[in-house]
Amino acid sequence: MEEFNTIEKVQALFASVNGLGNENLFFVTCQDKEKVSGAAAGMEYPYDGLLINANENGLAMFYLKAGALSGMITLASPSKMTLDKDNYIFIPYSNINKITVKKFALLNSKVKRISIDTKDGKSHKLYARVEEKDFPYHKDNFNAFVEKYASV
């Protein structure tokens with residue numbers, strides 16, 4: 001967590017892989033284990049969470065890895081994850097079919113479910129809390145992302 005807990009550290013991380021744009025929205029997510037499960041899913045989506053920068057070019061993402069016990073918890077926390085600097089992916093908007101953001105549960109507006117469907121058939125199923133106290137940059141950035149892609 002210490003590697004990505006401030007806006008300055010996150011900007012430096014994405015700058016190191018040419019992952020910054022003119023407009024950057026930095027936030028953290030967790031893999032939605034309820035929606036993605038099984039051995040094949042583990043190979044296709046080998047992360048427990050993502051550090052995302054949504055900018056005008058697309059989605060730049062670093063993998064986050066949970067400890068052995070963290071993955072067993074229903075709602076994992078990015079603050080318990082470590083950054084995998086060797087695994088960075090970029091999905092340009094031209095390769096994205098659809099991004100949707102919905103409530104995680106009917107009566108829970110503090111957690112959002114995110115689906116990123118790409119033209120190559122992948123579907124990243126994630127969730128994020130509206131507020132992450134350990135990541136001060138998250139709340140405003142994630143709320144801006146939610147406003148852009150929210151669906152009923």
Side-chain angles (χ1 to χ4, degrees), residues 1-21 24-105 108 110-135 137-139 141-142 145-146 148-149 151:
M1 176 191 89
E2 293 297 319
E3 302 161 295
F4 58 101
N5 63 344
T6 68
I7 190 75
E8 294 81 14
K9 291 176 184 176
V10 170
Q11 287 172 330
L13 273 169
F14 283 103
S16 74
V17 293
N18 199 24
L20 291 177
N24 300 287
L25 297 176
F26 305 109
F27 57 95
V28 292
T29 67
C30 295
Q31 186 181 70
D32 190 345
K33 305 268 187 204
E34 289 179 14
K35 298 291 182 184
V36 180
S37 62
M43 293 184 319
E44 181 106 13
Y45 307 102
Y47 54 79
D48 297 301
L50 294 169
L51 171 62
I52 297 177
N53 178 21
N55 61 46
E56 69 277 5
N57 302 311
L59 301 177
M61 302 181 275
F62 279 101
Y63 289 4
L64 300 177
K65 295 287 191 174
L69 296 176
S70 297
M72 297 172 66
I73 300 170
T74 305
L75 289 181
S77 172
S79 63
K80 305 250 188 269
M81 296 184 190
T82 58
L83 181 74
D84 184 351
K85 288 184 187 177
D86 295 329
N87 282 299
Y88 164 83
I89 56 175
F90 176 74
I91 306 172
Y93 284 118
S94 62
N95 191 37
I96 296 175
N97 273 338
K98 187 177 184 182
I99 297 173
T100 56
V101 179
K102 298 179 179 180
K103 284 184 180 180
F104 188 79
N108 186 348
K110 294 181 184 217
V111 180
K112 302 291 183 186
R113 199 168 283 218
I114 305 153
S115 180
I116 303 165
D117 300 325
T118 62
K119 291 182 179 176
D120 62 2
K122 288 190 176 183
S123 184
H124 298 273
K125 303 295 187 189
L126 309 163
Y127 69 86
R129 290 175 185 81
V130 172
E131 190 168 352
E132 286 283 353
K133 64 181 173 78
D134 293 322
F135 306 100
Y137 57 84
H138 174 86
K139 184 178 180 181
N141 286 278
F142 185 61
F145 183 81
V146 169
K148 189 172 184 179
Y149 295 107
S151 56

Nearest heavy atoms of K85 and E3, plus distance in Å: CE-OE2, 3.8 Å
Sidechain-backbone polar pair: K139 side chain, K133 backbone, donor-acceptor under 3.5 Å: no
Steps toward side chain to side chain contact (heavy atoms under 4.5 Å, CB included) verdict (C30, M81): CA-CA 9 Å; C30 295; M81 296 184 190; 3.6 Å; yes
Heavy-atom neighbours of N18 CG exceed 12 at 6.0 Å: no
Test log, rule side chain to side chain contact (heavy atoms under 4.5 Å, CB included), inputs D32 and F104: CA-CA 10 Å; D32 190 345; F104 188 79; 4.0 Å; yes
Minimum side-chain heavy-atom gap H124-I91 below 4.5 Å: yes
From CD (E2) to NZ (K9), nearest 0.5 Å: 5.0 Å
Heavy-atom side-chain proximity of L51 to Y88 below 4.5 angstrom: no
Side chain proximity check, V28 to L50, heavy atoms < 4.5 angstrom: no
side-chain contact (heavy atoms from CB on, under 4.5 Å) partner of N141, chosen from V10, L25, N24: L25
Atom pair NZ/OG1 of K80 and T82 - distance to nearest 0.5 Å: 13.0 Å
Within 6.0 Å of NZ in K98, more than 12 heavy atoms from elsewhere: no
Aromatic contact, F14 with F62 (centres under 6.0 Å): yes
Within-4.5 Å side-chain heavy-atom neighbours: D84 and Y47: no
Q11 side chain near F26 side chain, heavy-atom distance below 4.5 Å: yes
Value rounded to 0.5 Å, distance of OH in Y63 from CD1 in I89: 4.5 Å
Gap separating the OG1 atom of T118 from the CD1 atom of I99, nearest 0.5 angstrom: 10.5 Å
Aromatic plane relationship, F4 with F135 - under 30° parallel, 30 to 60° tilted, over 60° perpendicular: parallel
CG-CD1 distance between N97 and I116, expressed to the nearest 0.5 angstrom: 12.5 Å
Heavy-atom pair with the smallest gap, counting every atom of F90 and N57: CZ-O, 3.5 Å
Exercise: identify the closest heavy-atom pair between N55 and L20: ND2-C, 3.8 Å
Distance (rounded to the nearest 0.5 Å) between L126 CG and R113 CZ: 10.5 Å
Heavy-atom pair of closest approach, residues S123 and Y45: N-OH, 2.8 Å
Test log, rule side chain to side chain contact (heavy atoms under 4.5 Å, CB included), inputs I96 and D117: CA-CA 6 Å; I96 296 175; D117 300 325; over 6 Å; no
Under 3.5 Å: donor-acceptor pair, side chain of K112, backbone of V130: no
Closest approach of I52 to T29 (non-hydrogen atoms, all atoms of both residues): CD1-CG2, 3.9 Å
Considering all heavy atoms, the nearest R129-P78 contact: NH1-CD, 4.1 Å
